[in-house]
Amino acid sequence: MMADASVSVPRGESRNKIYIIGAGFSGVTIAAEIRAKRIFGRVVAFLDDDSAKIGSRIHGVPVLGPIEAAAQLIVATPADEAIIAIPSATREQLARIYAILRRAGFARIRIVPRISQILDGEAHLIQAREIDPEDFLARSPVRVNLRKSLSYVRGRRVLVTGAGGSIGSELCRQLLEGGAERLYLFGHGENSIFEIQRELRLLQEEGVGEKATLVPIIGEIQDREYLSFILARTRADVVFHTAAHKHVALMEANPVEAVKNNVFGTLNIVNAARRSGVQRFVLISTDKAVEPTSVYGASKLLAEEIVLREARNGHHFLVVRFGNVLGSRGSILPLFRRQILKGGPVTVTDPAARRFFMTIPEASSLVLTAGGTGCGGEVYLLDMGEDVSIKDLAEQMIRFYGFEPGSDIPIVYTGLREGEKLLEKLHADTEVPEPTPQARIMKLRRKTLINGRIHSVLDRLRPICFHDPEHPQLFRNRRALRAVLEEVIPGIGPSVNEPEF
């Protein structure tokens with residue numbers, strides 16, 4: 001029943017055995033790539049639950065099944081690999097298949113992109129990645145027709161700020177499908193920009209997406225003059241603004257820098273976009289901006305107001321707001337992973353803490369879809385589903401790595417840090433979510449929360465963030481910063497033992 005592992009291997013071809021889980025279009029496509037390249041190994045079998053396929057051969061490769069029964073016959077070696085090629089699989093199905101493969105002894109298990117990340121079921125080997133806990137923790141994502149959703153970028157010049165970050169880089173991957181003329185990768189970290197540029201070029205070489213010209217740009221959103229220069233120089237038609245300082249606790253310790261970057265950086269790129277004739281501008285916002293209790297949340301709320309004010313001047317500028325994304329640099333999951341792999345303990349702030357979560361690819365797909373809708377001035381809210389217990393999340397991750405919570409890996413409760421909430425809200429009580437034609441995207445009917453005072457707020461924050469010879473005592477004054485914020489955002493308040501500078 002099994003493929004013969006002793007078959008002679010042509011010179012230069014890898015001896016590694018590869019088992020593909022799923023004999024559908026994606027699995028067959030992946031197998032064809034492996035066969036053509038030869039260096040990755042040999043596909044010795046497909047594993048599938050479809051009785052109509054079991055017992056057949058596809059290009060000479062047997063289809064074995066059902067998956068659980070077939071896997072019991074496999075004696076995997078450290079060099080062998082399993083690739084799960086079922087883009088439509090639910091998280092429950094993935095968890096079941098993963099458990100089966102681990103019992104079969106597979107040390108390396110990869111997965112092709114989920115159905116929300118690929119076009120028309122077409123997956124490529126280069127997109128396959130190691131399976132990780134996020135694949136089981138996330139809900140089943142909605143399928144987005146990227147070619148249709150991204151029609152507004154075809155033939156256009158698109159600039160992404162923070163292009164090396166978690167959300168920015170995934171936006172860039174998906175923007176390859178849109179037929180943009182140029183894709184500008186803007187960021188201040190040279191390594192992250194280098195990595196995403198190299199990855200995108202590899203994807204293009206392997207037939208993923210279209211042949212947009214990739215242009216890396218190193219720069220700071222705090223550099224007003226440079227932003228004006230670069231937006232005019234690139235003549236970008238569409239801007240996705242993801243760049244921001246995002247760590248809540250770190251920004252509580254550095255509140256002036258949070259405002260300088262997130263508020264005035266946004267003001268800089270909004271003004272530059274207006275002057276250079278940008279047609280669409282999309283700000284990536286956060287649920288932390290809802291009735292904020294942290295300086296980070298307050299800074300994003302002010303950033304929202306800046307974008308919406310510009311939209312009221314007749315420009316197609318809008319905001320897309322969502323909660324936490326699984327696996328991002330600022331997410332709790334990478335921290336949990338590091339803590340588990342060193343033997344614990346895993347730290348959770350409070351046993352009652354809950355958060356909304358979405359995968360990076362799904363969030364990015366919905367952001368791109370929302371970016372092409374409306375007339376400007378809207379705040380779109382991504383449907384995050386039900387919020388998730390952080391305690392349960394920690395326990396699930398511990399079990400994913402083969403340990404038992406409490407007995408093998410302890411969980412320690414540290415208490416909420418300054419600026420953190422026990423529960424997050426996706427919209428304020430004054431905001432009313434309304435459905436849109438796009439699945440899992442809602443539009444918020446809202447009133448401006450700063451009540452037209454954004455100009456005066458910015459004027460008062462400016463000498464705190466930038467040195468003003470007429471008000472030197474205000475420069476970097478943290479207490480003065482919080483006093484200004486508290487006047488327009490009552491939930492902020494003074495920090496305990498806040499130093500003046």
Side-chain angles (χ1 to χ4, degrees), residues 132-134 136-139 166 244-255 258 285-301 321-360 363 381-401 403-429 482 485-486 489-498:
D132 58 37
E134 291 98 66
F136 311 140
L137 300 175
R139 66 184 179 183
S166 304
H245 291 330
K246 300 179 177 72
H247 292 269
V248 173
L250 192 59
M251 292 305 101
E252 287 299 294
N254 297 270
S285 192
T286 168
D287 57 359
K288 306 289 189 299
V290 179
E291 299 171 358
T293 56
S294 65
V295 172
Y296 165 61
S299 71
K300 294 299 286 185
L301 176 58
R321 183 193 295 168
F322 51 90
N324 300 280
V325 285
L326 292 167
S328 70
R329 292 177 184 174
S331 167
I332 195 70
L333 296 193
L335 172 62
F336 284 172
R337 182 184 293 111
R338 289 192 295 270
Q339 291 175 332
I340 293 167
L341 294 179
K342 76 176 184 64
V346 170
T347 56
V348 175
T349 56
D350 190 287
R354 302 180 71 87
R355 294 291 183 268
F356 292 97
F357 284 101
M358 178 181 283
T359 66
I360 295 172
L381 175 65
L382 303 189
D383 176 5
M384 304 291 295
E386 297 296 323
D387 57 357
V388 176
S389 164
I390 301 299
K391 173 179 174 290
D392 292 348
L393 203 62
E395 292 177 347
Q396 290 180 60
M397 280 199 65
I398 291 171
R399 292 191 179 98
F400 173 85
Y401 287 104
F403 303 107
E404 188 59 32
S407 56
D408 297 327
I409 303 286
I411 296 177
V412 174
Y413 298 102
T414 59
L416 293 173
R417 296 169 293 185
E418 280 197 54
E420 287 188 324
K421 299 177 182 178
L422 193 63
L423 305 173
E424 298 283 5
K425 297 171 65 174
L426 292 173
H427 59 86
D429 294 338
R482 286 189 180 272
L485 294 178
E486 188 177 11
I489 308 171
I492 297 299
S495 176
V496 178
N497 301 320
E498 179 83 79

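Keep in mind that this is a model prediction, so the values were computed, not measured.
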Ionic contact status for K288 with E424, cut-off 4.0 Å: yes
Test: R417 and E252 ion pair at under 4.0 Å: no
Can you check whether [Y]'s main-chain N or O pairs, donor with acceptor, with [X]'s side chain at less than 3.5 Å?
X    : Y    : answer
R337 : D132 : no
K246 : A244 : yes
R354 : D387 : yes
T293 : G419 : yes

I'd like to check [X] versus [Y] (side-chain heavy atoms, cut-off strictly below 4.5 Å). Are they in contact?
X    : Y    : result
K425 : D287 : no
E420 : D350 : no
R338 : P334 : yes
F356 : E386 : no
L326 : M358 : no
N254 : V295 : no
Y296 : L301 : no

Which pair of heavy atoms, one from [X] and one from [Y], lies closest together, and at what distance?
X    : Y    : value
V248 : S294 : CG1-CB, 3.8 Å
T286 : R321 : O-CG, 3.3 Å
V290 : K421 : O-NZ, 2.6 Å
F357 : I332 : CZ-CG2, 4.1 Å
P345 : V412 : CB-CG2, 3.6 Å
I489 : P292 : CG2-CG, 3.4 Å

Intermediate values then yes/no, side chain to side chain contact (heavy atoms under 4.5 Å, CB included), M384 and L426: CA-CA 8 Å; M384 304 291 295; L426 292 173; 3.7 Å; yes
Criterion side chain to side chain contact (heavy atoms under 4.5 Å, CB included) on F336 and I390, from CA distance to verdict: CA-CA 11 Å; F336 284 172; I390 301 299; 3.9 Å; yes
CG-CG distance between L393 and L333, expressed to the nearest 0.5 angstrom: 5.0 Å
Reported CG-to-NE2 distance for the pair L250 and H245, which is rounded to 0.5 angstrom: 8.5 Å
Partners meeting side chain to side chain contact (heavy atoms under 4.5 Å, CB included) with I340 (sequence neighbours left out): V346, M397, I398, Y401, F403
Under 3.5 Å side-chain donor-acceptor pair for T347 and Q339: yes
